[in-house]
There are 2 protein chains.
Amino acid sequence: MKTKESKIPEATIKRLSTYINCLERLQVEKHPVISSEMLGEYCQVSPAQIRKDLSYFGEFGVRGVGYDTKKLEAEIKEILGLNYNWPTTVVGVGKLGLALLNFTLFSQHGFSITAAFDNEPGKIGTELAGGIIIQPTSAIEDTVRDRGILIGVITTPADAAQKVADQLVAGGIQGLLNFAPTKVKVPEEITLRNVSITSELDNLAYLMTQKKKTRRR
Amino acid sequence: MKTKESKIPEATIKRLSTYINCLERLQVEKHPVISSEMLGEYCQVSPAQIRKDLSYFGEFGVRGVGYDTKKLEAEIKEILGLNYNWPTTVVGVGKLGLALLNFTLFSQHGFSITAAFDNEPGKIGTELAGGIIIQPTSAIEDTVRDRGILIGVITTPADAAQKVADQLVAGGIQGLLNFAPTKVKVPEEITLRNVSITSELDNLAYLMTQKKKTRRR
DNA sequence: GTGACAATGTGATAATCATCACACAGTCGT
DNA sequence: ACGACTGTGTGATGATTATCACATTGTCAC
């Protein structure tokens, strides 16, 4: 099959990510080979969905047998681009920022933290694990440019997020992951993902409220 | 219009959450009234989409004028159930857990933290802001039952997540928000949201990789 | 009052995404 | 070597979600 890169649903990408997770677990549990049916069990996705998702990118299974867990994991990582290492900075070294900085998973997903910024005088100059020294936010633009940092992770309070985003963009950032509880706006050519933790809270609140109502009936 | 609670797209709920955010900003900026067009600008959603989303729940605007920002915000909060306060516990008081515990936003979204658990001996017995004392995970089931805790937030490492989820369920939890980088499985009657931060990372990696390829062409 | 106007609410339409069903390919036992 | 079998890959089908277009309704100036 031809690899059509254009029209792939975002939902598919999200699922690929979970497939990797399950495939890792499956390897630990000594399953060298797995069918779409079994994998579906594991990650709560229909078998047809899995096959369809994979078919966007090529043929990875053996008919009558299934998928080689190790090979499939590698393939998906390749598809998602997790092998490349993007020079990344985190702005906002609060609790959430620290959580992400210490997240070893961060580096396992293609991002290598090479700078950190904060506004609080007490934090500036502090050395983090990995030898990264916290710089003032006024240095964002220059540092990003000088070190060729391509990805910015925003973990500031809401009211600082847009300004930080602007500074990162001015420094030549190419991708942004925004955890601040507000959307930021950037030029079209910048890849942006707003991760809204509060919207997850809201969503749960909604679901719970619905359930309460249903029960009352 | 009749309020049909059944078939509302999840995407709509997600957007309602962003609408609230924008509406709050708009109030600060002294806009008492806003059209769907302007609101669309603000939160990067098409005007038609906004109107459609709201129409699932009723009529909130004034034709020819627009929406009262304050009133609309209140309405959406009512729809999402953010006024209710769910007794909530956080399991896993690492960096991420702490980030969420200190999140004042947490309580602003209908959740009131009333207990915290961790496995690390050094942490057990420690008092957090708000007078919450960290308990050992072995106490999860009893505490959840005794205090009538309804929501559980899981911020443990991946390998502990499922066990913790089982304990919470055993204690009679009704809703779960899982931040651990792995999906957990719970009985059908439990409301569950898996929040995958790693999948956000993967998604960004994918988008960046795509862009790199496109540029090369 | 009344008419021009502005922006909503919504049925119809289009696009997207998930599911189904089955032809087909590779494996394994005999 | 061959046939029974198992599970993939995919076109066709169905469901869900977003977009469009416009009739409708409330406002405001005069």
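In this text, all values refer to a predicted model and were calculated from it rather than measured experimentally.
Contact between the side-chain N/O atoms of A/S35 and the OP1/OP2 oxygens of D/dG7 is not found at any separation under 4.0 Å. The side chain of A/S36 contributes an N or O atom lying less than 4.0 Å from OP1 or OP2 of D/dT8. Between B/Y67 and C/dG9 there is a side-chain N or O to OP1 or OP2 distance below 4.0 Å.
To the nearest angstrom, P of C/dT8 lies 13 Å from CG of B/D53. One atom, OH of B/Y56, and another, P of D/dA18, lie 7 Å apart when rounded to the nearest Å. The interatomic distance linking A/K7 (NZ) with C/dA18 (P) rounds to 13 Å, in whole Å. Between the CG atom of A/L72 and the C1' atom of D/dG9 there is a distance of 14 Å, given to the nearest Å. One interatomic measurement links the two molecules: CD of A/E59 to P of D/dG7, which rounds to 18 Å at whole-angstrom precision.
Side-chain atoms of A/V62 lie closest to C/dG26 of the nucleotides D/dT19, C/dG26, C/dA18. Closest to the side chain of A/Q49, from the set C/dT8, C/dA18, D/dA18, is C/dA18. Which of D/dA12, D/dA18, D/dC22 sits closest to the side chain of A/K52 comes down to D/dA12. Minimum atom distance to the side chain of B/S55 is reached by C/dT10, of the listed C/dT10, D/dT10, C/dA18. Closest approach to the A/R51 side chain among C/dC22, C/dA18, D/dC22 is made by C/dC22 (side chain taken as heavy atoms from C-beta onward).
Of all non-hydrogen atoms in B/V144 and B/G172, the two that sit nearest each other are CG1-N, 4.4 Å. Pairing each heavy atom of B/C22 with each of B/L39, the nearest pair is CB-CD1, 3.9 Å.
Salt-bridge check for B/E75 with B/K71: failed, with every basic side-chain N at 4.0 Å or more from each acidic carboxylate O. Between A/E10 and A/R193 a salt bridge is recorded (basic side-chain N to carboxylate O distance below 4.0 Å).
A donor-acceptor contact under 3.5 angstrom links the side-chain atoms of B/R63 to the base of D/dT24.
Going from atom CD1 of A/I76 over to atom CG of A/L16 covers 5.5 Å, rounded to the nearest 0.5 Å.
Taking the nucleotide of DNA chain D with the nearest heavy atom to each of A/F60 and A/G64, the more 5' of the two is matched to A/G64.
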